[in-house]
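Quick notes on the structure that follows.
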Amino acid sequence: MRIQAPRGTRDLLPDELRIWHVVEERARELFRLHGYAEIRTPLLEATELFVRGIGEGTDLVSKEMYTFTDRGGRSLTLRPEGTASVVRAYLEHRLESGPQPVKVYYLGPMFRYERPQAGRYRQFHQLGAEVLGTQDPAADAETILIPYDLYQSLGLQGLDLRLNSIGCPNCRPRYREALLDYLRPRVERLCPSHQRNWEANPLRVLDCKSEACRAATAEAPETTAFLCEVCADHFAAVRRYLERLQVPYRVDSRLVRGLDYYTKTVFEITAESLGAQDAVAGGGRYDGLVQELGGPSVPAVGFASGLDRVILTLQRQGTDLGQARPPEVFVAAAGQGVQEAARILAFRLRRAGIAAATEYGDRSLKAQMKVAGRTGAQWVVVVGEAEWAQGQVVLREMATGAQQIVDAGQLIATLTRSREAATDGAPRR
RNA sequence: GUGGGUGUAGCUCAGCUGGUUAGAGCGUCGGGUUGUGGCCCCGAAGGUCGCCGGUUCGAAUCCGGUCACUCACCCCA
């Protein structure tokens with residue numbers, strides 16, 4: 001058995017990567033417009049960071065982490081999400097003592113040890129952003145708007161944005177009590193796993209998709225009814241921004257999300273046609289996390305989005321994104337005597353900024369023409385022994401088959417001129 | 001971690017109720033006379049039939065196990 005990529009990981013081949021680049025470039029542009037700068041943190045972190053940041057009781061930490069001990073006896077974990085690392089870097093580099101807020105985005109692989117299925121991988125890719133150092137609801141709106149606008153502009157269909165507020169340390173305990181009171185007489189009606197742990201994490205029962213829990217919690221109290229004045233005002237402000245920016249959303253009082261660090265705003269964006277794993281982005285405010293990780297009390301908000309799922313959706317929709325960029329010129333050698341000359345000519349074209357392909361072996365001119373046709377090159381330069389002796393080459397336009405004899409010294413100028421004429425001065429993409 | 005489905009050339013798939021040299025299309029490579037692509041024609045390479053074991057005179061085909069892929073549950077991106 002030949003070695004295969006580890007379970008849940010995969011190779012992204014050049015053809016597929018074209019669409020990735022389109023998405024990534026558009027995201028980078030959107031981040032730039034909103035004033036976010038890129039941050040790159042290690043793929044590996046001290047296990048402790050995630051245990052403290054995400055929460056020991058979460059599924060993510062209790063059963064989904066790739067954790068190992070290094071040669072120095074340290075427990076390290078392949079990052080399962082990006083926020084904890086960003087906060088760690090923020091504190092490690094004392095960014096809290098610089099200008100606030102700090103707005104950063106990231107793009108890269110994350111790792112979770114789960115059984116793979118449609119749209120779920122063990123190594124998957126997220127892009128995300130964090131705003132640290134402001135409690136302004138405009139920042140919340142921003143982190144919702146960016147992924148929404150990104151996917152809107154990419155043509156993702158059937159986007160559904162759900163929003164909720166789960167309150168803060170002031171008001172959440174009251175809600176928690178109310179929910180516990182509600183659940184207590186209904187425990188028997190919950191799904192088996194929540195019958196066991198409903199008390200530890202009552203909010204999660206709301207999020208359960210089982211018929212049992214859904215029915216049992218149909219009349220459950222809603223988080224938004226218990227918000228303190230600060231949280232209620234904050235939530236109203238976030239909603240106002242979304243409304244005035246015409247971002248369609250619905251409030252979903254069952255949305256609580258799986259990570260412990262969230263406060264106030266939480267949201268999730270799903271896309272149709274993804275099957276069971278349909279969340280393409282999620283996030284929210286985490287005003288307590290920086291302090292939890294040993295820093296001062298710094299409010300923050302952010303989001304993360306799964307690129308694999310976004311791209312899967314685009315592919316399923318048949319979205320045509322990312323054309324291959326063929327070489328402009330293919331340099332063919334007619335005869336072994338001119339092979340070196342042809343290759344050197346290709347190098348010279350490239351140095352002049354012209355994308356030039358050529359052959360490596362010594363294949364027949366016919367075979368080289370076939371390759372040239374397949375690459376999609378607009379021009380073929382045939383270096384023939386007879387012409388080359390006169391310092392000339394044959395320049396063939398592939399679309400029409402028209403050929404002309406050109407002085408080798410004039411080739412770059414000729415190609416450049418025709419390129420400018422074709423693009424009509426428009427900037428090349 | 002639990003359950004269902006699927007494993008035959010690089011890809012998509014045939015291979016009837018077990019029978020001899022396992023096929024097709026696409027792709028790849030070469031050729032169709034002097035140094036010219038796309039269409040057409042010809043040819044070639046390429047398979048431990050996922051792996052291990054069992055039943056049988058005989059297994060790609062039946063049975064068991066195992067691995068992988070896949071979908072779903074849990075949970076999320």
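Just so we're on the same page: letters track the sequence lines, and every chain starts at 1.
Judged by a 6.0 Å distance limit and a 45° cone about the ring axis, R343(A) is not positioned over the six-membered ring of F347(A). Stacking of R172(A) on the aromatic ring of Y175(A) is not recorded, the 6.0 Å distance cut-off and the 45° axial limit not both being met. Remark: R186(A) qualifies as a cation-pi partner of Y182(A) under the 6.0 Å distance and 45° angle criteria applied to the six-membered ring. A cation-pi arrangement is present between R122(A) and Y113(A), with the terminal nitrogen or guanidinium carbon under 6.0 Å from the aromatic centre and inside a 45° cone about the axis.
A386(A) comes within 4.0 angstrom of a base, heavy atoms only. Among the heavy atoms of the strands lying under 4.0 Å from E387(A) is at least one base atom, whether or not backbone atoms are also near. Nucleic acid contact for V310(A): none, since no nucleic acid atom lies under 4.0 Å from a heavy atom of the residue. Using a 4.0 Å heavy-atom criterion, one finds that G384(A) contacts the bases of the nucleic acid, with or without backbone contacts as well.
Between E45(A) and R79(A) there is no salt bridge, since no side-chain nitrogen of the basic residue lies less than 4.0 Å from a carboxylate oxygen of the acidic one.
Between the P atoms of A60(B) and C51(B), the separation comes to 11 Å (whole Å). Atom name P, nucleotides G54(B) and A9(B): the rounded distance is 25 Å, in whole Å. With C1' as the reference atom, A59(B) and A24(B) are 23 Å apart, rounded to whole Å. Between C52(B) and U12(B), the two P atoms lie 23 Å apart (nearest whole Å). Taking the P atoms as reference points, G5(B) lies 29 Å from C76(B), given to the whole Å. U28(B) and A45(B) have their C1' atoms separated by 9 Å, with the value rounded to a whole Å. The separation of C62(B) from A68(B), taken at their C1' atoms, amounts to 22 Å, rounded to a whole angstrom. Rounded to the nearest Å, the gap between the P atom of C41(B) and that of A22(B) is 27 Å.
Taking atom CG on L365(A) and atom C1' on G38(B), their separation rounds to 15 Å, with Å as the unit. Between D15(A) atom CG and G10(B) atom C1' there is a gap of 14 Å when expressed in whole angstrom units. In this structure, the CG atom of L13(A) is 12 Å from the C1' atom of G10(B), given to the nearest Å.
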Quick one, give me the B/S/- string for nucleotides 69-77 of chain B, reading 5' to 3', where B means a protein heavy atom under 4.0 Å from the base and S means that only happens at the primed atoms, P, OP1 or OP2. SBSBBBBBB
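In this structure, the separation between CG on D149(A) and CD1 on I144(A) is 11.5 Å, given to the nearest 0.5 Å. Annotation: the span from D260(A) atom CG to R52(A) atom CZ amounts to 14.0 Å, rounded to 0.5 Å. For the atom pair OG1 of T58(A) and CD of E64(A), the computed distance is 8.0 Å after rounding to the nearest 0.5 Å. Distance check, rounded to the nearest 0.5 Å: CD1 of I39(A) to NZ of K103(A) gives 15.0 Å. Here the straight-line distance linking atom OH of Y105(A) with atom CZ of R32(A) works out to 10.0 Å at 0.5 Å rounding.
Using a 4.5 Å heavy-atom cutoff, the side chains of Y106(A) and T41(A) are not in contact. At a threshold of 4.5 Å between non-hydrogen side-chain atoms, the residues L314(A) and V23(A) count as touching.
Proximity of a side-chain donor or acceptor of D140(A) to a complementary backbone N or O of V238(A) within less than 3.5 Å is not detected.
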Find every protein N or O atom lying less than 3.5 Å from an N or O atom of nucleotides 29-32 of chain B, and list the pairs.
| from | atom 1 | to | atom 2 | distance (Å) |
| --- | --- | --- | --- | --- |
| C29(B) | OP1 | R363(A) | NH2 | 3.4 |
| C29(B) | OP1 | R374(A) | NH2 | 3.4 |
| C29(B) | OP2 | R374(A) | NH1 | 3.2 |
| C29(B) | O3' | R363(A) | NH2 | 3.4 |
| G30(B) | OP1 | R363(A) | NE | 2.8 |
| G30(B) | OP1 | R363(A) | NH2 | 3.2 |
| G30(B) | OP2 | R363(A) | NH2 | 2.8 |

Protein-nucleotides 43-46 of chain B N/O pairs closer than 3.5 Å?
none

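Here A300(A) pairs with L132(A), Y286(A) under the side-chain contact (heavy atoms from CB on, under 4.5 Å) rule; sequence neighbours left out. Partners of Y121(A) according to the ring-ring contact (aromatic ring centres under 6.0 Å, His included) rule, which considers only residues two or more places apart in sequence or in another chain, do not exist here.
Counting distance only, with no hydrogens placed and no angle test, the side-chain atoms of Q403(A) and the base atoms of U36(B) include a donor-acceptor pair under 3.5 Å.
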Secondary-structure notation, RNA chain B, from Watson-Crick and G-U pairs under 3.5 angstrom (| other strand): (((((((..((((.....[...)))).(((((.......))))).....(((((..]....))))))))))))....
